[in-house]
Amino acid sequence: FERNTLRDNYFVSVLVTIWRSSLSNMVRNNLFANNSASSTARATYETSYANNTKIYHNTFVNNHVPREVCLRTGCTEGVEIKNNVFWPTPGSYCLDVARGCTENLVCASNVFFSDFKQDGYPPGFGFSTTENTEIVGSWNGKQMTTDDWNKASQNNTGNGYAFEGPGLDKNMRLAAGSLCVDRGAPGLAGEDIDGRPRPLGAGCDIGAHEHGTPDPGRSLAGARAAELDGQQMASDAPLHWAACQGDLPTITYRADRSLH
């Protein structure tokens with residue numbers, strides 16, 4: 001599940017879930033923003049009985065659910081949560097890791113913001129692993145601040161807290177001066193949600209979007225070549241474009257008579 005934008009949706013239980021999968025599952029470079037749900041909803045994203053799930057470089061912002069990400073049950077090995085931005089609505093968890101899912105989980109280089117106490121934004125602006133007292137999630141049934149989270153397991157490293165939010169613009173992309181820029185763990189994605197290379201600066205950015213170049217917006221165009229659905233095609237075969245960026249491309253093709 002990669003390079004998707006899910007905004008302004010309404011759902012009943014879970015917006016995206018991976019359930020009872022024995023495959024290697026990837027949830028990477030997605031934006032989840034401004035989604036709302038019923039009063040019985042559990043999470044924006046939820047995994048159950050799905051080992052070997054990697055949750056990398058996603059941005060979760062202002063989703064009206066109790067939890068942004070929930071490892072519900074049966075996730076006992078190979079699960080990693082890295083380089084994600086979590087900015088939930090007041091009173092909600094960034095992460096909820098249930099009993100039985102904590103032992104082998106790797107949770108690193110994520111940035112949390114939480115107004116769990118519903119008392120307004122914390123003062124100042126900074127990236128800290130020790131200074132905040134806000135609850136950012138639940139670990140094995142216990143509420144955790146960021147400092148608690150990093151101490152809960154030797155695999156929980158480099159998770160930080162961003163006062164007044166992680167520094168996003170109105171389009172949910174990293175703004176200039178965001179403390180998520182260049183702060184991510186390396187080597188988890190070669191491109192961002194829009195197909196731009198990672199990294200563009202000194203290091204990979206945290207979240208779905210890489211900051212560093214003007215963003216022309218997604219279009220049916222080509223900073224990279226248009227892609228076709230097959231290695232060969234007949235002269236009357238339809239063309240299928242992949243979503244790319246840049247100016248509209250010009251393509252040529254040769255019809256191989258041997259295909260008829």
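Treat the numbers as computed from the prediction; the structure is a model and nothing was measured.
- Using a 4.5 Å cut-off on side-chain heavy atoms (C-beta onward), Asn83 and Tyr56 make no contact.
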Checklist line | CA sep, side-chain torsions, deciding dist, call: Arg28, Glu2, salt bridge (charged side-chain N to carboxylate O under 4.0 Å, His left out) | finding: CA-CA 5 Å; Arg28 180 168 58 184; Glu2 299 192 50; 2.9 Å; yes

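- Closest approach of Asn159 to Asn156, counting heavy atoms only: ND2-C, 3.9 Å.
- Looking at every heavy atom in both residues, Gly207 comes nearest to Thr59 through CA-OG1, 3.5 Å.
- In this structure, Arg198 and Glu191 have side chains that are not in contact, with every pair of non-hydrogen atoms separated by 4.5 Å or more.
- Put simply, Phe1 and Ile18 are part of the same group of oily side chains (I, L, V, M, F, W, Y) that touch within less than 4.5 Å, one to the next.
- At least one donor-acceptor pair closer than 3.5 Å links the side chain of Thr53 to the backbone N or O of Ala50.
- Looking only at distances, no side-chain donor or acceptor of Asn30 sits under 3.5 Å from a matching main-chain atom of Ala208.
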Next item on the list: Would you sort out whether Thr5 and Ile193 count as a side-chain contact (heavy atoms from CB on, under 4.5 Å), showing the intermediate values?
Entry: CA-CA 9 Å; Thr5 296; Ile193 187 174; 3.6 Å; yes

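- Summarising the geometry, atom OG1 belonging to Thr47 is positioned 6.0 Å from atom CG belonging to Leu71; distances are rounded to the nearest 0.5 Å.
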Item checked: Leu168/Val61 under side-chain contact (heavy atoms from CB on, under 4.5 Å): CA gap, chis, key distance, verdict -> CA-CA 10 Å; Leu168 304 178; Val61 179; 3.5 Å; yes

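- Paired with Trp149 under the rule ring-ring contact (aromatic ring centres under 6.0 Å, His included), one option of Phe86, Tyr93, Trp139 passes, and it is Trp139.
- A donor-acceptor pair is defined here as one N or O able to donate and one able to accept, closer than 3.5 Å; no such pair exists between the side chain of Lys54 and the backbone of Ser24.
- Judged by the 6.0 Å and 45° rule, Arg20 forms a cation-pi pair with Tyr49.
- For the pair Asn84/Ile55, a side-chain contact is recorded, criterion being any heavy-atom separation below 4.5 Å from C-beta on.
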Next item on the list: Output, in order, the C-alpha distance, side-chain angles, deciding distance and verdict of side-chain contact (heavy atoms from CB on, under 4.5 Å) for Ser36 and Phe11.
Entry: CA-CA 7 Å; Ser36 57; Phe11 59 97; over 6 Å; no

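- Aromatic ring pairs are classed by plane angle as parallel below 30°, tilted from 30° to 60° and perpendicular above 60°; the pair Phe60 and Phe32 is parallel.
- In this structure, a donor-acceptor pair under 3.5 Å is absent between the side chains of His211 and Asp205.
- The shortest side-chain heavy-atom distance between Ile135 and Thr145 falls under the 4.5 Å cut-off.
- Considering only heavy atoms from C-beta on, Val111 stays 4.5 Å or farther from Leu179 through its side chain.
- Note: Cys70 SG to Asp96 CG = 4.5 Å, rounded to the nearest 0.5 Å.
- A donor-acceptor contact shorter than 3.5 Å links the side chain of Asn25 to the backbone of Leu23.
- Distance check: Ile81 CD1 to Cys107 SG gives 5.0 Å after rounding to the nearest 0.5 Å.
- Residues Asp147 and Lys151 are in side-chain contact: their nearest non-hydrogen atoms beyond the backbone lie under 4.5 Å apart.
- In this structure, Asn58 CG and Arg3 CZ are separated by 13.0 Å, a value rounded to the nearest 0.5 Å.
- Looking at Leu6, Val69, Thr44 one by one, the single match for side chain to side chain contact (heavy atoms under 4.5 Å, CB included) with Val16 turns out to be Leu6.
- In this structure, Ala152 and Met144 approach most closely via the heavy-atom pair CB-CE, 4.1 Å.
- Between Asn140 and Val97, every side-chain heavy-atom pair lies at or beyond the 4.5 Å cut-off.
- Side chain of Asn62 to backbone of Ala33: no donor-acceptor contact under 3.5 angstrom is found.
- Taking CZ from Arg196 and NE2 from His209, the interatomic distance works out to 7.0 Å, rounded to the nearest 0.5 Å.
- Proximity of His57 to Ile206: side-chain heavy atoms (C-beta onward) are nowhere separated by under 4.5 Å.
- Under the 6.0 Å cut-off for aromatic ring centres, Phe112 and Tyr161 do not qualify, their centroids lying 6.0 Å or more apart.
- Taken together through direct or relayed side-chain contacts under 4.5 Å among Ile, Leu, Val, Met, Phe, Trp and Tyr, Leu15 and Tyr45 form part of one hydrophobic cluster.
- In terms of heavy atoms, Lys170 sits closest to Arg7 at O-NH2, 4.4 Å.
- Between Asp148 and Lys142 no salt bridge is recorded (no basic side-chain N to carboxylate O distance below 4.0 Å).
- Screening Val181, Asp192, Leu174 for a side chain to side chain contact (heavy atoms under 4.5 Å, CB included) involving Glu210 leaves a single residue, Asp192.
- The nearest pair of heavy atoms linking Ala185 to Cys204 is O-CB, 4.0 Å.
- Note that CD of Glu68 and CG of Asn35 are 9.0 Å apart. Values are rounded to the nearest 0.5 Å.
- In this structure, Val65 and Ser92 approach most closely via the heavy-atom pair O-OG, 2.7 Å.
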